[in-house]
A.B. asks: 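What follows is a structure written as structure tokens; I'll ask about it next.
Any value given below was found using the heavy atoms of this structure, including those in side chains, with hydrogens, waters and symmetry copies removed. Quick note on labels: first sequence line is chain A, next is B, and so on, each numbered from 1. Source: prediction; values computed, not measured.
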Amino acid sequence: MQHFSDILSGLNERQKEAVLTTEGPLLVLAGAGSGKTKVIAHRIAQIIQRGASPKRILAITFTNKAAEEMKIRIAQLLLADGKSGSAASRKSPSPDSMPFVGTFHALGVQILKRHGSRMLIPQNFTILDESDTKQVCKELGEELALDTDTYDTERLRASISRLKNELISAADFARESAQEDERAYEAILSKMYSAYEARLFKTGSLDFDDLLIKTVFLLETQKDVLGYWQKQWDYIHIDEYQDTNKAQYAVSLLLAREHKNIAVVGDIDQAIYSWRGGDTRNISYFERDFPNARVIALEDNYRSTKIILEAAHNVIVHNAQRKNITLRTKNPDGERITIRVLENEKKEAETIVQDIGALQQSGVPFSDIAVLFRTNAQSRAIEEAFVQSAVPYKLVAGVRFYERKEIKDVLSYIRYIANKKDTLALKRIINTPLRGIGAVLAAKYVAQKPLKDNEKARIGQFENMIKDISDVAKTKKIRELLKYVILRAGFKKHHSKTDDGKDRIKNIEELITVADKFEGLTPKESMEKFLEEAALMSEQDLIAQGSEKVHLLTAHAAKGLEFRVVIIAGMEEGLFPHVLSQEEGRTEEERRLFYVALTRAKEKVVITLTTRRMLWGELLFNDPSRFLREIPQHLTTINEYKEALEEESGETIHYS
DNA sequence: GGCTTGCCTGTTTTT
DNA sequence: CAGGCAAGCC
Ligand SMILES: Nc1ncnc2c1ncn2[C@@H]1O[C@H](COP(=O)(O)OP(=O)(O)OP(=O)(O)O)[C@@H](O)[C@H]1O
């Protein structure tokens, strides 16, 4: 037993109990910063230490970034314990010696790649992102001749996603809505859903929801497949359990119900994804389906100061639908929370950057500081201030890297090479860069209609190019393949024409850097893995590890992370809580989001808000967020902008 | 077929 | 205010 010591040292009694409870169901419910994620990492290391094969361990995280972190932590623990002799580093170790650590979506990809053919899902399926699915719905809206004034294809798309999250298939829904008047929304939705599924099938594509729902259907209908995966993993772990949805719950139940070695950890107060199907009732379902589950509460917070924790506590207790939990800390009281009221978003941004400058002077590295906000749109003003004052920063949101136009264009070539049924990608690349194949001819070609001679010539050139690229793909890995695509399709020239072309080329070059990671694989594998990563990448993946940069991110994207100093910007009514979430239940989720934001901080919280803010060229006069009144006054220091107010009113009188 | 212009509309969070 | 999109011009 002695060799467990390293893995168990540095854990409190409850944490040790959770780590050592490896057989049977385990539910860890505990507040922010209490070491839930740490427990999972140590538990896995401990199981491996005890002699289990890493391959038989499954761990589900909320993001890919969290998965990478988890792998590193496990590897370091094992190394510290002196069992595995290979070199330690921040790099994740080889897959064979490591458990499967990934998101539910990544798990779905793995299962569907292996056994999806049972459900007529090709091995080389394309994963559609949200903009792809929007495009599909738009096209289908036109093809089905829906009256777009009455039927918003975007709303239909959202409805389809909601149905999928509820595990309702197109066939199920068609049955359910059969009685409806054919003009009723349900009837149109049903028609759309079926057409959508047919289109995805025809193009060999799956959307994000499919990665979960098709996995559930596969495991439910194919006994031997279920058996295969049940036997694959003897120990199952799930982090951030409060935000799992119905399909994810089903997957975990299916995989765990035989051996019942399943450990889930979560915090109901941190449930912030209900709009995506996240359902905290999964915790009660867990207790129902695993009635003998050991339940462990962790009550010590190791992250934050007493003041931060007390503030967060006083905020969250305003939620009516909530069970109280204990969370205490031995950390010092720490500094009061600073609340700064600024004149407008520009001043807010400047103040934030000034504060950060002062913090750095006093010895806080930039990388220990994060600026959190409710909406991505807020980042623009803040970014400008960073650029102005040359403080290094990393925006962990905004236009996701792989969704940038120039990136998606290049990516679509690879997608099409990998899956020739992917007509969405085909339509995108056929005339990008421009090569004289307009919408009309493209549609004709995709529909395989006969072409005129001059049309054939243009299409022939395109086909030759695709053939050349396909040939290269057979022998060269993704990195070289990308370079070839860029060359052969003429992207450099294409981008040299526009103003922001330099930035775009820079982004494309970054894409090639990403591809470096897959050099160790065969050409085919490297292409597949690359596409998978591109489709499943999470925002947190953009976090600049080890670099001296302030991180700018939404409160949602900060889930699970921690920083010495957290600055929360835009703490105003209408923004936080957001104007679109002000109905009853949804304000509670906004409050939880604020709770998450506060509890990311180890040492210091600064909250900023403005009295006026520009939104779409209109001046808004927002009140301070209701959540601020919930923080006891003795925990805060308020900085109003008195002089600024006076100046401003003087100006107003003078000039208008 | 490709490009420009000007209108319009939509306001949140993301695997 | 910005991005998307249709109409209209070259
Ligand atoms: N027993 C312990 N002793 C010292 N530090 C600990 C202990 N347990 C956890 N920590 C530290 O506390 C911090 C929070 O841990 P962790 O991220 O695992 O918490 P969590 O419960 O998953 O948090 P959250 O739910 O807020 O994301 C980490 O820095 C971790 O190293």
A.B. asks: With a cut-off of 6.0 Å (strictly less than), are more than 12 heavy atoms of other residues, nucleotides or ligands near CD of A:E220?
C.D. replies: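 Yes - once you tally the heavy atoms of other residues, nucleotides and ligands closer than 6.0 Å, there are more than 12.
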A.B. asks: Consider the side chain of A:H556, meaning its heavy atoms from C-beta on, and name the nucleotide among C:dA2, B:dT11, B:dT13 that approaches it most closely.
C.D. replies: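 For A:H556, the side-chain atoms sit closest to B:dT13.
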A.B. asks: Could you verify whether a donor N or O on one side chain and an acceptor N or O on the other, from A:T203 and A:D422, lie under 3.5 Å apart?
C.D. replies: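 Per modelled atom types, A:T203 and A:D422 side chains form no pair under 3.5 Å.
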A.B. asks: Rounded to whole angstroms, how far apart are CG on A:L434 and C1' on B:dC3?
C.D. replies: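 Distance, rounded to whole Å: 10 Å.
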A.B. asks: If you measure from the ring centre of A:W616 to the centre of the six-membered ring in the base of B:dG10, is it under 5.5 Å, with the planes under 30° apart?
C.D. replies: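 Yes.
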A.B. asks: Side chain of A:H105 only, please: which of B:dT15, C:dG3, B:dT11 is the nearest?
C.D. replies: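 Within the option list, the nearest is B:dT15.
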A.B. asks: What integer distance in Å separates A:K452:NZ from B:dG1:P?
C.D. replies: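 About 9 Å, once rounded to whole Å.
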A.B. asks: Look at the side-chain N and O atoms of A:N376 and state whether any lies under 4.0 Å from the OP1 or OP2 oxygen of B:dT14.
C.D. replies: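 Yes, because at least one side-chain N or O of A:N376 sits under 4.0 Å from OP1 or OP2 of B:dT14.
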A.B. asks: Take A:L593 and A:I437, find for each the nucleotide of DNA chain B with the closest heavy atom, and name the residue whose nucleotide sits nearer the 5' end.
C.D. replies: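 Looking at DNA chain B, the more 5' nearest nucleotide goes with A:I437.
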A.B. asks: Round to the nearest Å and state the distance from A:R586 atom CZ to B:dT13 atom C1'.
C.D. replies: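 Rounded to whole Å, this separation is 9 Å.
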A.B. asks: In this structure, how many angstroms lie between the P atom of B:dT15 and the CD atom of A:Q110, rounded?
C.D. replies: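 Whole-Å distance recorded here is 20 Å.
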A.B. asks: Report the relative orientation of the aromatic rings in A:H494 and A:F491; use parallel for angles under 30°, tilted for 30 to 60°, perpendicular for over 60°.
C.D. replies: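 Judged by the thresholds at 30° and 60°, the geometry between A:H494 and A:F491 is perpendicular.
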A.B. asks: Base, sugar-phosphate or nothing for A:D209? Non-hydrogen atoms, less than 4.0 Å.
C.D. replies: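 Counting heavy atoms under 4.0 Å across all strands, no contact is made by A:D209.
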A.B. asks: Within less than 4.0 Å of OP1 or OP2 of B:dT11, is there a side-chain N or O belonging to A:T375?
C.D. replies: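 Result: no.
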A.B. asks: Does the A:N431 side chain pair with the main chain of A:R435, one donor and one acceptor, at a distance under 3.5 Å?
C.D. replies: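 Between the backbone of A:R435 and the side chain of A:N431 there is a qualifying donor-acceptor contact (under 3.5 Å).
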A.B. asks: Provide, to the nearest angstrom, the distance between the NZ atom belonging to A:K134 and the C1' atom belonging to B:dG10.
C.D. replies: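 A:K134 atom NZ is separated from B:dG10 atom C1' by 11 Å.
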A.B. asks: Checking contacts here: which listed nucleotide (B:dT12, B:dT13, B:dG1) is nearest the side-chain heavy atoms of A:R458?
C.D. replies: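 Among the listed nucleotides, the one closest to the side chain of A:R458 is B:dG1.
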A.B. asks: What nucleotide among B:dT15, C:dG3, B:dT13 has an atom nearest to a side-chain atom of A:W275?
C.D. replies: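 Of the candidates, B:dT13 comes closest.
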A.B. asks: Does the B:dT12 base have a donor-acceptor partner in the side chain of A:R276 within less than 3.5 Å?
C.D. replies: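 Result: no qualifying N/O pair found.
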A.B. asks: Mind checking A:R592 for me? I need base, sugar-phosphate or nothing, with any heavy atom below 4.0 Å counting as a touch.
C.D. replies: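 No contact at all - A:R592 keeps every heavy atom at 4.0 Å or more from the nucleic acid.
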A.B. asks: Tell me if a side-chain donor or acceptor on A:D243 pairs with a main-chain N or O of A:G278 at a distance below 3.5 Å.
C.D. replies: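 Side chain of A:D243 to backbone of A:G278: no pair is present.
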A.B. asks: Side chain of A:S581: nearest nucleotide among B:dT15, B:dT12, B:dT13?
C.D. replies: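 Nearest to the side chain of A:S581 among the choices is B:dT12.
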A.B. asks: How far does the C1' atom of B:dT11 sit from the matching atom of C:dA6, given to the nearest Å?
C.D. replies: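 Taking atom C1' in both B:dT11 and C:dA6, they lie 23 Å apart.
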A.B. asks: Rounded to whole angstroms, how far apart are NZ on A:K559 and C1' on B:dT13?
C.D. replies: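 Roughly 11 Å, once rounded to whole Å.
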A.B. asks: Go through B:dT13, B:dT11, B:dT15 for me and flag the one nearest to the A:L580 side chain.
C.D. replies: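 The answer is B:dT11.
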A.B. asks: Donor-acceptor pair under 3.5 Å: do we get one between A:H578's side chain and the base of B:dT12?
C.D. replies: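 For A:H578, whose side chain was compared with the base of B:dT12, there is no donor-acceptor pair (under 3.5 Å).
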A.B. asks: Taking OH from A:Y249 and P from B:dT15, how many angstroms apart are they, rounded to a whole number?
C.D. replies: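 About 25 Å, once rounded to whole Å.
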A.B. asks: What integer number of Å spans the P atoms of C:dG4 and B:dT13?
C.D. replies: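 After rounding to an integer number of Å, I get 15 Å for this pair.
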A.B. asks: For a quick check under 3.5 Å, do A:R591 and A:N319 share a side-chain donor-acceptor pair by atom type?
C.D. replies: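 Distance-only check passes for A:R591 and A:N319.
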A.B. asks: Looking at B:dT15 and A:F104: do their rings stack (centroid distance under 5.5 Å, interplanar angle under 30°)?
C.D. replies: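 Base of B:dT15: not stacked against A:F104.
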A.B. asks: Could you tell me how far apart A:F594 (CZ) and B:dT12 (C1') are, to the nearest whole angstrom?
C.D. replies: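 Checked: the CZ to C1' distance equals 17 Å.
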A.B. asks: Given B:dT13, C:dA2, B:dT11, identify the nucleotide with an atom nearest to the side chain of A:T554.
C.D. replies: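 Ranking B:dT13, C:dA2, B:dT11 by closest atom to the A:T554 side chain puts B:dT13 first.
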A.B. asks: Can you name the closest pair of heavy atoms from A:P624 and A:E573 and give their distance?
C.D. replies: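 Where A:P624 meets A:E573 most closely, the heavy atoms are O-CG, 3.5 Å.
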A.B. asks: Heavy atoms only, 4.0 Å cut-off, all strands: where does A:E130 land among base, sugar-phosphate and nothing?
C.D. replies: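 Since a base atom lies under 4.0 Å of A:E130, the category is base.
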A.B. asks: Look at the side chain of A:Y273 and decide which nucleotide, out of B:dT14, B:dT12, B:dT15, has an atom nearest to it.
C.D. replies: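 Side chain of A:Y273 sits closest to B:dT14.
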A.B. asks: Is A:A439 touching bases, backbone alone, or none of the nucleic acid, heavy atoms closer than 4.0 Å?
C.D. replies: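 Contact class for A:A439: sugar-phosphate only.
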A.B. asks: Assign A:K138 to base, sugar-phosphate, or nothing according to its heavy-atom contacts below 4.0 angstrom with the strands shown.
C.D. replies: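 Answer is sugar-phosphate: A:K138 comes under 4.0 Å of backbone atoms only.
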A.B. asks: Less than 4.0 angstrom between a side-chain N/O of A:N431 and OP1 or OP2 of B:dG2, yes or no?
C.D. replies: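 True: A:N431 side-chain N/O within range (under 4.0 Å) of B:dG2 OP1/OP2.
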